[in-house]
Amino acid sequence: WAGFVDVAYSVPNSTIEANIASMVAALGSNSHYLVLSVDNDSGWPSGSASYNQVVALNNDLAATYGSHYLNVRSYIVSQYNPNSPQDVIDYANDVPPTSLRNDDAHLNALGNQKVAQYIYQQASTVLGLLPSTPHIITTQNLPFYLLQNPSFANVDSQGAYTQEGLRILGMIAGDSSLYVGWSAGFS
């Protein structure tokens with residue numbers, strides 16, 4: 001999920017777009033990918049300079065990647081709790097709702113779950129790649145979901161941690177990373 005930190009450090013959109021284009025180019029002939037919209041944090045409400053940068057960037061990404069672009073930012077903002085006064089304020093400011101965040105920028109377990117479900121739904125609809133019913137991802141079926149037999153031989157580092165009852169495994173190889181989450185009791 002590229003671009004957020006770049007916006008936070010005032011990196012120009014042209015550089016962010018070039019970085020994302022480089023990632024897509026690295027896929028070669030593989031056309032099974034999604035480019036996710038850049039998110040804004042609670043300190044970047046509608047009308048702020050960073051918000052305007054995010055909106056312009058996402059518009060450019062949508063125009064460039066078409067059906068491969070997925071507007072996760074708008075989706076997560078729409079998932080606010082109308083019974084929560086703070087979430088209603090967040091929605092009015094067009095920022096991800098407090099009920100789905102750990103802090104100003106990072107989603108909590110529920111927010112991550114909503115994003116994962118949305119990506120899963122859209123990937124199966126837009127790309128036609130995944131089965132229509134969700135499955136537990138295991139080491140046996142992970143290659144199916146990645147549409148290739150991954151090699152973890154060049155993993156630089158790996159680790160696991162628990163966030164709100166969700167176990168997260170992270171692997172980093174060079175400039176790439178993969179995070180897979182599972183609930184306690186599943187592996």
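Keep in mind the model is a prediction, meaning the values are calculated, not measured.
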Check: CD/Gln122 to OG/Ser67 distance, rounded to the nearest 0.5 angstrom?
Finding: 11.5 Å
Notebook entry, point to check: Hey, are the side chains of Val38 and Val7 touching, using non-hydrogen atoms and a 4.5 Å cut-off?
Noted result: yes
Next item on the list: Of all the heavy-atom pairs spanning Ile76 and Gly111, show the shortest one and how long it is.
Entry: CD1-O, 3.9 Å
Checklist line | Flag for Thr98-Asp87: side-chain donor and acceptor within less than 3.5 Å | finding: no
Notebook entry, point to check: Quick one: OG on Ser99 to CG on Leu110, what's the gap to the nearest 0.5 Å?
Noted result: 7.0 Å
Check: So, Ser74 side chain and Asn71 main chain: donor-acceptor pair closer than 3.5 Å or not?
Finding: no
Next item on the list: For Pro85 and Asn83, work out which heavy atoms get closest and say how close.
Entry: CD-O, 3.6 Å
Next item on the list: Give the minimum heavy-atom separation between Asp41 and Asp104, together with the two atoms involved.
Entry: CB-O, 2.8 Å
Margin query: Is there a path of hydrophobic side-chain contacts, each under 4.5 Å between heavy atoms, that joins Val54 and Ile20?
Written below: yes
Margin query: Tell me whether the rings of His68 and Tyr33 are parallel (<30°), tilted (30 to 60°) or perpendicular (>60°).
Written below: parallel
Next item on the list: State, with a plain yes or no, whether a side-chain heavy atom of Val24 is found less than 4.5 Å away from one of Tyr65.
Entry: yes
Next item on the list: Provide the full list of ring pair (Phe, Tyr, Trp, His ring centres under 6.0 Å) pairs with a residue in residues 34-58, sequence neighbours left out, each pair given once.
Entry: Phe4-Trp44
Check: Under a 4.5 Å side-chain heavy-atom rule over Ile, Leu, Val, Met, Phe, Trp and Tyr, are Leu100 and Val88 clustered together?
Finding: no
Notebook entry, point to check: Taking side chain as C-beta onward, heavy atoms only, is Val72 less than 4.5 Å from Asp39?
Noted result: no
Next item on the list: Report yes if the side chains of Val115 and Leu107 come closer than 4.5 Å at any heavy-atom pair, otherwise no.
Entry: yes
Item checked: Partners meeting side chain to side chain donor-acceptor pair (under 3.5 Å) with Asn93 (sequence neighbours left out) -> none
Checklist line | side chain to side chain donor-acceptor pair (under 3.5 Å) against Gln86, all qualifying residues, sequence neighbours excluded | finding: Asp90
Checklist line | Inter-residue atom distance Asn52.CG - Ser46.OG, 0.5 Å rounding | finding: 7.5 Å
Next item on the list: Could you note down all residue pairs passing ring pair (Phe, Tyr, Trp, His ring centres under 6.0 Å) where residues 84-118 supplies at least one of them, sequence neighbours left out?
Entry: Tyr75-Tyr118, Tyr80-Tyr91
Notebook entry, point to check: Is Asp94 salt-bridged to Arg73, going by a charged N under 4.0 Å from an acidic O?
Noted result: yes
Check: Rest of the hydrophobic cluster containing Met23 (Ile/Leu/Val/Met/Phe/Trp/Tyr, side-chain heavy atoms under 4.5 Å)?
Finding: none
Next item on the list: Determine, step by step, whether Ile119 and Leu36 satisfy the side-chain contact (heavy atoms from CB on, under 4.5 Å) criterion, reporting the C-alpha distance in whole Å, the side-chain angles of both residues, the deciding distance to 0.1 Å, and the verdict.
Entry: CA-CA 9 Å; Ile119 291 170; Leu36 305 182; 3.8 Å; yes
Checklist line | Contact list for residues 6-26, test side chain to side chain donor-acceptor pair (under 3.5 Å), sequence neighbours left out | finding: Asn13-Gln53
